[in-house]
Amino acid sequence: MPDPAPLHIAFLLFPDVTQLDLTGPAQVLSRLGNARLDLVAASRDSVSTDAQFALTPTATFADVPRTDILCVPGGFGTVAAMQDEATLSWLRQVGAGAEWVTSVCTGSLLLAAAGLLRGYRATSHWASRDQLAFFGAEPVAERVVFDRNRVTGGGVTAGIDFALALTAAIRGEEHARLVQLSLEYDPDPPFDSGSPERADAATLARYHAMVERFAPGRREKVQAIAKGLGFG
């Protein structure tokens, strides 16, 4: 079998990113075959994550003027990244020419802030999904959403599902099934508490308290950012 066509994949890296939003899909997409991944940030300085370890960029915005696949993770640092013009400018530039424009979790809000989801169906983490409407996107309550060349995944662990679905779209379902098997991706969680519909009231309350502690007023800030960028 001939080698598949080469692909370049660029993951945006920003402070306080949720590392699994990035590393989960990166693990899957690294197995596309003949693919090269870059972690792209404003500089090559190490970038903090929510998991108390840092990630080191492999490239800067200036190094990556285009890519085949753009992937934007989310995290508590999303709101600050949405207010960084250098980040938004790079997303607009690279997203305009990418074959696939993608995100995981609240990374879709970053894509939306850059104007890349206006008029597109998209998803995000369940607690932030409705905020996509501030930027002219159509929020969809699904784990993975394809709309033309935009592919968005739900919260955190949905990034693995998203990446497998994208692998199938690019290399075919047979290859995606092989990747799933090689990673032994066979979820069997010990608790049935992975969505707001199934979590009990006490767990939901603890979640909302945690978010308010680490990202106070996040919804209001996102709405203000959207207005400041001329949406709505």
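Throughout, numbering of the chain's residues begins at 1 and tracks the sequence.
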request  = Going by the side chain to side chain contact (heavy atoms under 4.5 Å, CB included) test, name the single residue among Leu37, Val151, Ile9, Val101 that passes it with Ile69.
outcome  = Ile9

ask   = Is the cationic atom of Arg148 (NZ for Lys, CZ for Arg) positioned less than 6.0 Å from the six-membered ring centroid of Tyr120 and within 45 degrees of its normal?
value = yes

query = If you draw a 6.0 Å radius around CD in Glu212, do more than 12 non-hydrogen atoms from other residues or ligands fall strictly inside?
reply = yes

Heavy atoms only: give me the nearest [X]-[Y] pair and the separation to one decimal.
| X | Y | answer |
| --- | --- | --- |
| Val144 | Ala165 | CG1-CB, 4.3 Å |
| Leu32 | Arg171 | O-NE, 2.9 Å |
| Leu91 | Leu110 | CD1-O, 3.9 Å |
| Ala41 | Leu13 | CB-O, 3.5 Å |

Going by heavy atoms in the side chains, are [X] and [Y] under 4.5 Å from each other?
| X | Y | value |
| --- | --- | --- |
| Asp130 | Arg219 | yes |
| Thr102 | Val72 | no |
| Val40 | Phe11 | no |
| Leu70 | Trp90 | yes |
| Leu132 | Leu109 | yes |
| Phe61 | Ser43 | no |

task = Tell me, with the steps shown, if Leu183 and Gln27 meet side chain to side chain contact (heavy atoms under 4.5 Å, CB included).
result = CA-CA 9 Å; Leu183 297 176; Gln27 182 65 70; 3.9 Å; yes

Distance-only, no hydrogens or angles: does the [X] side chain make a donor-acceptor pair with backbone N or O of [Y] under 3.5 Å?
| X | Y | result |
| --- | --- | --- |
| Asp84 | Thr87 | yes |
| Ser124 | Ser128 | no |
| Thr167 | Ala163 | yes |
| Thr67 | His8 | yes |
| Ser108 | Cys105 | yes |
| Asp38 | Ala10 | no |
| His175 | Arg31 | yes |
| Thr49 | Thr18 | no |
| Asp50 | Gln19 | yes |
| Ser48 | Asp16 | yes |

Are [X] and [Y] within salt-bridge range, i.e. N to O under 4.0 Å?
| X | Y | result |
| --- | --- | --- |
| Glu85 | Arg92 | yes |
| Arg198 | Asp200 | no |
| Asp63 | Arg44 | yes |
| Arg121 | Glu142 | yes |

key: Derivation and outcome, side chain to side chain donor-acceptor pair (under 3.5 Å), residues Thr152 and Ser103   = CA-CA 5 Å; Thr152 52; Ser103 66; 5.1 Å; no

query = Should the pair Phe146 and Trp100 be assigned to parallel (<30°), tilted (30 to 60°) or perpendicular (>60°) ring geometry?
reply = perpendicular

ask   = Trp126 vs Tyr207 aromatic rings, parallel, tilted or perpendicular, using cut-offs 30° and 60°?
value = tilted

inquiry  = Is a donor from one side chain sitting under 3.5 angstrom from an acceptor on the other, for Thr157 and Arg143?
reply    = yes

hydrophobic_cluster_shared for Val64 and Phe14, side chain cutoff 4.5 Å = yes

ask   = Applying the 4.5 Å side-chain criterion to the ILVMFWY set and letting contacts propagate, would Val179 and Val104 be lumped into a single cluster?
value = no

